[in-house]
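Throughout, a chain's letter reflects where its sequence line sits, starting with A, and its residues are numbered from 1.
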Amino acid sequence: MTVREKAMRKYDFKTIEQKWQDKWNEQKLFEAPVKPDPNNKFYMLVMFAYPSGDIHMGHFRNYLIGDAVARRQMMLGKDILHPFGWDAFGLPAERAAIKRDLHPEKWTLQNISVSKSTLQKAGISFDWTREVNSCMPDYYKWTQWMFIQLFNKGVAYRKRGFVNWCPEDKTVLANEQVKDGKCERCGTAVVKKDQIQWYFKITDYADRLIDDLDKLPDWPENVKTMQREWIGRSHGLEIDFTIDGSDKTLPVFTTRQDTIFGVTYMAVSPEADILEHLKLESEYAEKVEAYKKLAAGRSDIERVSATGDKDGVFTGKYAINPFNGEKIELWVADYVLAGYGTGAVMGVPAHDIRDFAFAIKYNIPIKVVIHPDKKTRLKVEEMEDAFVEYGPMVNSGQFDGLAGDDALEAVSNFAEEKGIGRRKVNYKLKDWSISRQRYWGCPIPIIHCEKCGMVPVPEKDLPVLLPKVENYIPKGRSPLADVPEYMNVKCPKCGGEAQRDPDTMDTFVCSSWYFLRYLDPHNDLEPYSKELANLWMPVDLYVGGITHATGHLIYFRFFTKFLHDIGWLDYEEPAKILFNLGLVMDAKGEVMSKSKGNVTSPIPLMNEHGIDITRLAMYFTAPSEKEVLWNNETLVGVEKFVINRFYPIIKEYRKTKPNLKYYFKQDELSRDEKEIYLKLNQTIKKVSVSYDHLHFNTAVAALMELVRDFDTSKIKNDELNDLIIIKTIQMIAPLAPHLAEELWEAVGFEKSVFKRGWPDYDPEAIIGDTINIAVQINGKLRDTIEVSVDADEKTIEKEALKSPKIQKYTDDKKIIKKIHVKGRLLNIVVK
RNA sequence: GCGAGAGUGGCGGAACUGGUAGACGCGCUGGAUUUAGGAUCCAGUUCCCUUGGGAGUGGGGGUUCGAGUCCCCCCUUUCGCACCA
């Protein structure tokens with residue numbers, strides 16, 4: 001018989017786990033009530049999963065955190081909603097499908113089935129009756145419905161413009177999907193492409209998305225900061241420059257209007273419209289055209305990596321600074337971003353690092369208009385870089401001497417009075433590009449009619465089903481465009497010949513509202529019932545990875561606000577608490593990923609050690625927010641704990657069926673009994689706090705201590721003995737649910753441990769009769785003394801000064817003062 | 001470059017609003033039991049001299065009776081943003 005078989009004989013987890021999973025199913029324990037009590041509900045949401053294979057350690061950890069919270073909240077008597085689903089559209093399905101000659105749907109559904117069985121095996125308390133799958137028509141019908149609502153309100157719109165294009169995946173990407181100028185998924189350098197695209201006008205929500213962050217005290221500060229910076233609001237002035245010899249004005253946005261008198265040139269981005277309208281002299285026109293081509297071919301990384309090196313060409317045209325009438329050269333330069341502000345900048349070399357580099361390169365004059373302070377002068381010849389701080393304005397006519405905010409205000413006021421500029425707020429956030437030229441996504445429910453324009457598909461005709469196609473290999477345009485049966489339709493308005501929109505939606509659209517579908521997942525008349533949604537919302541705790549900080553978590557908030565605005569939701573923020581769990585890395589500290597091939601699965605561990613031991617190991621390793629380096633050795637300690645200590649406590653049960661609400665009185669208990677009763681109550685308090693903070697590692701540690709100190713031979717009071725066993729079982733239940741249920745049944749309860757409350761501690765019994773007081777001399781620990789809990793300061797001092805260890809330090813010294821911290825220490829200051 | 005975290009034994013990690021640093025576990029050492037154990041139980045385990053001390057939470061300063069915790073400077077590291085005018 002192997003060691004493992006011996007252990008199995010003591011703790012037959014396979015039988016236990018199966019038994020309880022079956023019972024939970026029979027009892028429908030995890031099915032959420034249809035209508036919760038809104039004052040006593042808990043919506044536990046974990047980010048739904050992209051089914052790219054099986055669940056790995058990272059998912060496992062995420063769902064374990066949610067599971068422990070959901071189960072504990074159930075014990076606290078809440079109406080629990082703990083649903084799960086699949087973010088099932090997306091590129092990897094197509095890629096895998098192409099590689100294996102398998103339809104994306106088939107590949108996706110297979111992965112879902114594997115992942116689902118893993119999750120069910122892990123005993124996660126999901127309510128599977130509410131499972132949603134974003135690639136199924138009963139779900140994406142409502143994604144299309146959402147699109148149409150956005151379209152009707154003008155929030156979804158189409159425009160031509162330069163977009164991020166991934167040459168490998170042959171599709172458009174949202175800004176949020178471009179990392180370091182590369183496609184987030186495949187790492188290919190992204191290029192600019194001029195295309196008609198669908199956008200969501202998320203910029204209309206920019207202010208609310210920033211301002212409402214202040215209403216989310218329980219969101220992590222770093223996520224809020226990242227969102228603020230991503231949205232990137234800045235207040236400034238838009239100033240109208242005129243083009244010399246033309247009636248065109250060219251507005252520029254600046255946040256440094258105090259440097260307006262230092263403008264020595266002007267630059268527009270190669271994509272700027274104005275270039276089409278200026279009649280350039282032929283010698284310049286050619287150069288500008290050539291430069292535009294060069295810039296368009298450059299990837300974002302090439303543009304960005306050239307941080308120091310800026311290039312551009314002179315257009316032969318001049319602009320006029322409305323503040324001083326100076327004539328300055330108009331350049332084209334690709335360090336000017338087309339998508340920000342007006343796509344044009346005023347060049348102030350003396351006070352802007354980029355402009356400085358550009359001016360040096362092309363010998364453009366540099367003019368100082370800000371001094372560091374009233375005494376210090378800047379000399380152009382000595383400048384090695386731009387001076388970008390605030391300071392008093394100089395060489396700026398009437399504004400000389402003004403500095404900082406005063407200067408900004410004065411210049412803005414002047415511009416507005418004279419009608420040569422206006423205050424303006426700009427955002428880094430751009431409208432969300434949501435159309436994709438790929439197959440495996442939610443079809444866009446719009447019909448293009450020559451007569452009627454863009455017509456949304458009538459609600460009764462939803463969903464627009466994704467047709468089967470022969471070939472979904474990407475070629476730069478939507479595969480659906482090649483399916484005439486799909487494309488050719490009658491216009492819903494005029495009945496004439498019309499065409500469907502061939503694009504599909506970014507999968508982030510699907511994941512922007514899934515949390516609402518869970519609330520009413522089988523509704524085929526509406527996306528969800530408003531009544532139910534308002535009862536369940538908001539999400540009480542949302543657990544997921546930090547990677548979604550500026551993508552999904554902004555879209556998710558945006559959709560919530562939109563639905564609020566059109567009367568579909570009473571709330572403007574979707575989640576009360578956001579919790580970012582730490583990554584799971586391999587033992588070497590590398591992030592687990594499929595491409596690295598270092599992904600570990602929890603399945604073999606669960607098979608070998610049992611689900612609860614695997615779960616406890618994950619909980620015990622580190623607090624939830626910290627990254628963990630997964631190491632199977634973590635299992636050793638908890639396995640010993642469960643098999644040798646925890647599980648066997650049932651043998652000590654004396655079948656008294658104690659009253660769980662009973663608090664023992666001091667005189668009922670012996671000294672030893674008092675001690676363990678104290679430990680029990682302290683543990684209940686400690687474990688409860690640990691659960692509140694999602695610090696399950698310290699909960700496990702506290703339970704280990706309690707069980708270690710529980711010496712049944714010293715306990716004569718049978719009720720006390722049994723009470724300790726019962727409460728210990730309750731405390732471990734959210735972490736090791738099968739084990740807990742098994743023991744719970746063994747002590748004679750019929751109803752599930754999750755339906756019998758959470759233990760309260762006896763407030764009288766968390767402080768013992770005596771306490772240890774640390775005695776310090778000048779802040780250094782020299783002794784500890786045991787005193788009665790109600791001993792006053794004088795008694796403690798007397799007791800302390802009796803100690804020989806203390807006397808050693810006080811004998812020939814003078815006691816200057818004594819600091820007494822109640823219940824903790826006495827510090828004697830001597831000289 | 002900018003912004004936000006983090007840095008505690010050989011290792012994972014404890015330490016509530018400043019108040020006995022190293023809980024709990026791994027590993028290691030010794031012992032008990034055992035035919036044997038990689039099983040179980042008990043004890044020890046921050047480091048340095050020693051039976052009493054000294055040092056100690058990345059480094060250096062400061063505030064305080066008292067600092068892992070607060071303040072300043074520096075180092076290392078993780079994450080995010082990265083020409084946003």
Side-chain angles (χ1 to χ4, degrees), chain A residues 3 6-7 179-181 220-230 232-234 236 252-257 259 267 300 303-310 333-337 339-348 351-355 357-358 388 426-430 546-547 549-550 580 583 589 617 620-623 625-631 633-638 640-641 643-644 685-686 689 693 695 697-705 708 772-784 805 808 816-830:
Chain A
V3 173
K6 270 190 193 167
K179 294 266 160 346
D180 297 327
E221 222 34 67
N222 61 340
V223 170
K224 290 193 277 187
T225 305
M226 278 161 74
Q227 293 204 353
R228 274 188 203 105
E229 285 174 3
W230 186 263
R233 176 164 62 190
S234 56
V252 296
F253 175 74
T254 179
T255 55
R256 290 304 301 272
Q257 56 271 37
T259 64
D300 274 15
R303 282 195 179 192
V304 169
S305 67
T307 310
D309 191 40
K310 319 247 168 272
D334 78 349
Y335 81 89
V336 182
L337 302 175
Y340 186 78
T342 62
V345 299
M346 55 186 217
V348 187
H351 305 293
D352 182 284
I353 291 165
R354 299 150 297 183
D355 299 346
F358 193 78
V388 298
N426 252 310
Y427 304 89
K428 282 202 247 181
L429 181 75
K430 297 193 184 75
I546 185 77
T547 44
T550 52
N580 294 122
L583 288 173
F620 187 55
T621 303
E625 70 276 9
K626 245 199 109 154
E627 65 180 32
V628 301
L629 307 188
W630 182 257
N631 188 334
E633 292 189 0
T634 315
L635 277 161
V636 176
V638 289
K640 280 194 213 164
F641 170 66
I643 294 178
N644 299 326
K685 191 178 179 191
K686 207 164 164 185
V689 171
H693 295 171
H695 285 184
N697 57 331
T698 50
V700 176
L703 289 170
M704 284 174 164
E705 276 188 70
R708 177 196 64 194
N772 288 327
I773 297 286
V775 184
Q776 300 178 332
I777 302 290
N778 294 344
K780 276 201 158 81
L781 181 72
R782 295 303 176 186
D783 198 8
T784 51
K805 287 184 189 167
K808 228 171 81 184
I816 297 172
K817 68 173 170 181
K818 302 182 200 104
I819 290 126
H820 176 238
V821 181
K822 202 167 181 302
R824 288 195 176 270
L825 60 75
L826 178 72
N827 186 14
I828 302 170
V829 185
V830 300

To the nearest angstrom, how far is A/Asn644 atom CG from B/rG25 atom C1'? 14 Å

Which nucleotide in the list B/rC26, B/rA14, B/rC65 gets nearest to the side chain of A/Val829? B/rC65

How long is the line joining CH2 of A/Trp230 and C1' of B/rG80, in whole Å? 10 Å

Which value, in whole Å, describes the distance between the P atoms of nucleotides B/rC42 and B/rC24? 13 Å

Quick one: A/His693 NE2 to B/rG13 P, roughly how many Å, whole number? 19 Å

Atom CG of A/Asn772 and atom C1' of B/rG19 are separated, to the nearest Å, by 15 Å

If the plane angle is over 60° it's perpendicular, under 30° parallel, otherwise tilted; pick one for A/Phe358 and A/Tyr335. tilted

Looking at B/rC26, B/rG3, B/rA23, which one has an atom nearest to any side-chain atom of A/Ala701? B/rA23

Which nucleotide in B/rG80, B/rU20, B/rG25 has an atom nearest any side-chain atom of A/Phe620: B/rG25

By the 4.0 Å heavy-atom rule, please label A/Val252 as base, sugar-phosphate, or nothing. nothing

Which value, in whole Å, describes the distance between the P atoms of nucleotides B/rU8 and B/rU69? 13 Å

Using a cut-off of 4.0 Å on non-hydrogen atoms, how would the nucleic acid contact of A/Lys640 be classed: base, sugar-phosphate, or nothing? sugar-phosphate

Separation of B/rG22 atom P from A/Leu781 atom CG, nearest Å, is 10 Å

Can you find a donor-acceptor pair, distance only, under 3.5 Å between A/Lys310 side chain and B/rC83 base? yes

A/Thr621 and A/Trp630 have their tightest heavy-atom pair at OG1-CZ3, 4.0 Å

Using the P atom on both, measure B/rU51 against B/rG56 and round to a whole Å. 22 Å

A/Lys626 side-chain N/O to B/rG13 phosphate OP1/OP2 under 4.0 Å: yes

Between B/rG19, B/rG25, B/rA23, which one does the side chain of A/Met704 approach most closely? B/rG25

Nearest-nucleotide comparison on RNA chain B, the residue closer to the 5′ end among A/Asn426 and A/Lys179: A/Lys179

Quick check: does any side chain N or O of A/Asn631 sit under 3.5 Å from a backbone N or O of A/Thr634, one acting as donor and the other as acceptor? no

Would you measure the distance from the C1' atom in B/rC26 across to the matching atom in B/rU45 and give it in whole Å? 13 Å

Syn versus anti for B/rG9, judged by chi lying within 90° of 0? syn

Taking the side chain from A/Arg782 and the backbone from A/Lys808, do they hold a donor-acceptor pair closer than 3.5 Å? no

Of the candidate nucleotides B/rG19, B/rG27, B/rA21, which contains the atom at the shortest distance from the side chain of A/Leu825? B/rG19

Which pair of heavy atoms, one from A/Leu826 and one from A/Ile773, lies closest together, and at what distance? N-CG2, 3.9 Å

To the nearest Å, give me how far apart CG (A/Asp783) and C1' (B/rG53) are. 15 Å

Looking at every strand, decide which applies to A/Glu627 at a 4.0 Å heavy-atom threshold: base, sugar-phosphate, or nothing. sugar-phosphate

When you compare the side chain of A/Gln257 with that of A/Met346, does any pair of heavy atoms fall below 4.5 Å? no

A/Thr784 has its side chain closest, among B/rA85, B/rG13, B/rU20, to B/rU20

At under 4.0 Å between heavy atoms, what does A/Arg782 touch on the DNA or RNA strands: base, sugar-phosphate, or nothing? sugar-phosphate

In terms of side-chain heavy atoms of A/Thr254, which of B/rA55, B/rA85, B/rU20 is nearest? B/rA85

Taking the side chain as every heavy atom from C-beta outward, state whether A/Lys428 and A/Tyr340 have any atom pair closer than 4.5 Å. yes

Is A/Thr550 close enough to B/rG80 that one of its side-chain N or O atoms is under 4.0 Å from OP1 or OP2 there? no

Side-chain contact check for A/Pro623: nearest option of B/rG13, B/rA23, B/rA4 is B/rG13

Rounding to the closest angstrom, what is the interatomic distance between B/rC75 and B/rG61 at atom C1'? 15 Å

Interatomic distance at C1', B/rA15 relative to B/rA21, whole Å: 7 Å

The residue, A/Lys686 or A/Glu229, whose nearest nucleotide of RNA chain B is more 5′ is A/Glu229

Within the structure provided, determine whether A/Leu825 and A/Val775 are in side-chain contact (heavy-atom separation under 4.5 Å). no

Describe the nucleic acid contact of A/Asn697 in one word from base, sugar-phosphate, nothing, applying a heavy-atom distance below 4.0 Å. sugar-phosphate

When the distance from CG of A/Leu429 to P of B/rC81 is rounded to whole Å, what number comes out? 14 Å

Expressed as a whole number of Å, how far does the P atom of B/rA6 sit from that of B/rC72? 14 Å

Just how far, in rounded Å, is P of B/rA23 from CZ of A/Arg708? 10 Å

Stems in RNA chain B, runs of 3 or more consecutive Watson-Crick or G-U wobble pairs with both distances under 3.5 Å, sorted by first number, are B:1-7 with B:75-81, B:10-12 with B:24-26, B:27-32 with B:40-45, B:46-49 with B:52-55, B:58-62 with B:70-74

What's the shortest heavy-atom distance between A/Ala549 and A/Val223, and which atoms? CB-CG1, 4.3 Å

Can you tell me which nucleotide in B/rC81, B/rG27, B/rG53 comes closest to the side chain of A/Lys808? B/rG53

Looking only at the side chain of A/Lys817 (C-beta and beyond, no hydrogens), which of the listed nucleotides B/rC65, B/rA85, B/rA55 gets closest? B/rC65

I'd like the P distance from B/rG9 over to B/rG5, given in whole Å. 23 Å

Are any of the side-chain heavy atoms of A/Asn222 and A/Ile546 separated by less than 4.5 Å? yes

